[in-house]
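Let me begin by presenting the structure, written as structure tokens, before commenting on it.
Reminder, nothing fancy here: chain letters follow the sequence lines and each chain counts from 1.
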Amino acid sequence: MEKILVTSALTYANGKLHIGHVAGSYLNADIFVRYQKLIGNDVIYIGGTDDYGTPISLKAEEEGVAPRIIAERYNKSIKKDLQGLNIQLDNFSGTSRPRHIKISQDFFTNLLEAGYVTKKTLKQLYDKKYKRFLADRYIEGICPYCKSDGARGDQCDNCGKLIDAINLIEPKSKISGETPIIKETTHWYLNLPKFENELREWLKIKTYWKDNVRNFIFSWLNEGLKERAITRDLDWGVPIPLENTKGKVLYVWFDAPIGYISSTQEWAENKGQPDLWKDYWLNPNTKLIHFLGKDNIPFHTIIWPSMLMKQKYPYVLPYDVPANEFLNLEGQKMSTSHNWTVWVEDYLKYFNGELLRYVLAANAPETKDSDFCWKDFQAKINNELNNILGNLANRTFIFAQKCFNGKISKPEVLSEQSQQTLNEACKIADYIGGSYNNYQVRKASRLAMDIARIGNKYFDETQPWFEVKKSKKIAEETLYVCTELLRIISIVYSPIIPKGMKKLRKMINLPGKISWKDLDKKQIKFEISEVSQLFKKIEDKEIEKQLELLKATQTVEEKIMEHG
RNA sequence: GGCGGCGUAGCUCAGCCGGUUAGAGCAUCGGAAUCAUAAUCCGAGUGUCCGGGGUUCGAGUCCCUGCGCCGCUACCA
């Protein structure tokens, strides 16, 4: 039995959960975890929200509330939306909880004492009205190179050149609209260059990592690692544990991954075994697997391992970082600021969470960006879940009830065709297991649907509706094989659509608790209980409605932009 | 600017280390069947594999180049 610790990237607590988060790091993790549980591994699934940082603090100011209120609000909202999608984390914490502060400070102290943190003084732009230093994204001005207006503090959109915010002509704070002043400040830097050799050595054996992840890492390494600031001037964050450093907090990317540990500690405490977290984090045999979107790759493959290496506790380092690419929406890049996304909360008002799980699994951005379209959503639900899988169950069970009172037994001898059909399904089931293990959710989903396709083909070819008039036995054999296929499907599809498969198993009177090993245990007798539709079709109207809603929110947004 | 990625049927995508007539699903067309959620099954077709050049007996696959899109570029989180 393997010990596996799975995490999903902490979600930033300044907004609700949207389908990009789900496709990027939650659904794939949940499916992986469910599979690992099926094959009997000891796996826990940890996550939470990233509660600190400027955007949350600004939002709090806007609303006139404490930043903690904002963070807690979205922590709750995200947790609820995840539940709505049946994404089952063992613990969902937040980085503003007390436990997290202590351990983050320890991380800082240990790195400092080990000589991997340096202190530097630098000049930054400062907004006097809002009394805060400005990150590059909050500064606008005239580009010093092409003189065009509207250049950001980090880059000019017009000429594409990188800019040092201090060189902007006529800089303006995006928060207050006023001209910022240049002010000196002190920050602590993580000395990444010092980790280079150790990192290279460690990464050498990670040949099994996904290509997109490896490419990213080596582009950083080959460019040469640079020191990176790990503190900021802000009230809302983990205070740094040094004398006379009021107003200095850890920069969010530094303390965010530590949230995986503090969340695990919270989980252990809630279980009444406060030291249980050590069984995972301090165990060299634990497979630590971080699921995340590609934007998070450098943090988890370069910075986070570096941080872990120099702690007093012998933390386990990431075993794998299966990063996903991005999900686009209707052919366009998703954008929360332009409201071009689908919020899970809104989705759940109209549709079942299972359906989204299915579609996002079948079209996950595993190796490159993929696209979510509502029409495709409808097509996948109707054609695949309903017509192929749902109808196979329906036609088999209804037939069984009409002609056999719902009771189906395995014939003493199976025809060659029946045997081949079952063998093929078992072979596919093996491939599916391998696919889940390699984070290939799209492939797993396609293969599982293939079993249903095989079932329909077999049903047609053996013509039980015709045979039943001559020999009930021959018809029964078909129903037996199809039910057995559905039993297999109910196992192999359960990581992706757990509720639907539970419903399917209930119709066949199979136990709700399943194990991957059940695949080999051929069922001799089936008793079909009450038959109902597995899934419901989606009408054109429902999709049109979603497209209208999408357009409407965007129009509102554009109007706001037009009116400044 | 630098680094990296992508561009394959109407649509969404698969094509591992280069190897016979380039694939799947959906959509389209024709047929079969009628147990079933008008659900299924069989058959058919379609592609200058972004353009151009090169390596090779042989390239969607490797190399160079052009075009287009995208990401990263370390103070977005």
Heavy atoms only, 4.0 Å cut-off, all strands: where does [X] land among base, sugar-phosphate and nothing?
X	answer
A:Lys443	nothing
A:Phe459	base
A:Lys368	sugar-phosphate
A:Pro55	sugar-phosphate
A:Glu384	sugar-phosphate
A:Leu122	base
A:Arg446	nothing
A:Asn383	sugar-phosphate
A:Phe133	nothing
A:Thr54	sugar-phosphate
A:Arg214	nothing
A:Gly53	nothing
A:Leu392	nothing
A:Lys536	nothing

With A:His300, the ring-ring contact (aromatic ring centres under 6.0 Å, His included) member among A:Phe291, A:Trp209, A:Trp253, A:Tyr260: A:Tyr260

Nucleotide paired to [N] in any strand shown, Watson-Crick or G-U, under 3.5 Å:
N	value
B:C49	none
B:A24	B:U12
B:C72	B:G2
B:A33	none

A:Arg442 side chain, from C-beta outward: closest of B:U40, B:C13, B:C75: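 Side chain of A:Arg442 sits closest to B:C13.
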
Candidate nucleotides B:U37, B:U40, B:U12, ranked by approach to the side chain of A:Asn394 - the nearest: B:U37

Polar side-chain contact A:Asn386-B:U37 base: donor and acceptor under 3.5 Å: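 Donor-acceptor pair under 3.5 Å: yes.
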
Polar pair under 3.5 Å, donor/acceptor by atom type, side chain A:Asn391, base B:A36: yes

Salt-bridge test for [X] and [Y]: reply yes if a basic N is under 4.0 Å from a carboxylate O, no otherwise.
X	Y	value
A:Glu325	A:Lys294	yes
A:Lys59	A:Glu62	no
A:Lys427	A:Asp430	no

First of A:Phe399 and A:Tyr52 reached from the 5' end of RNA chain B, by closest nucleotide: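 Closest to the 5' end, via its nearest nucleotide, is A:Phe399.
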
Ring centre gap for A:Phe351 and A:Phe377 strictly below 6.0 Å: yes

Aromatic plane relationship, A:Phe216 with A:Trp220 - under 30° parallel, 30 to 60° tilted, over 60° perpendicular: tilted

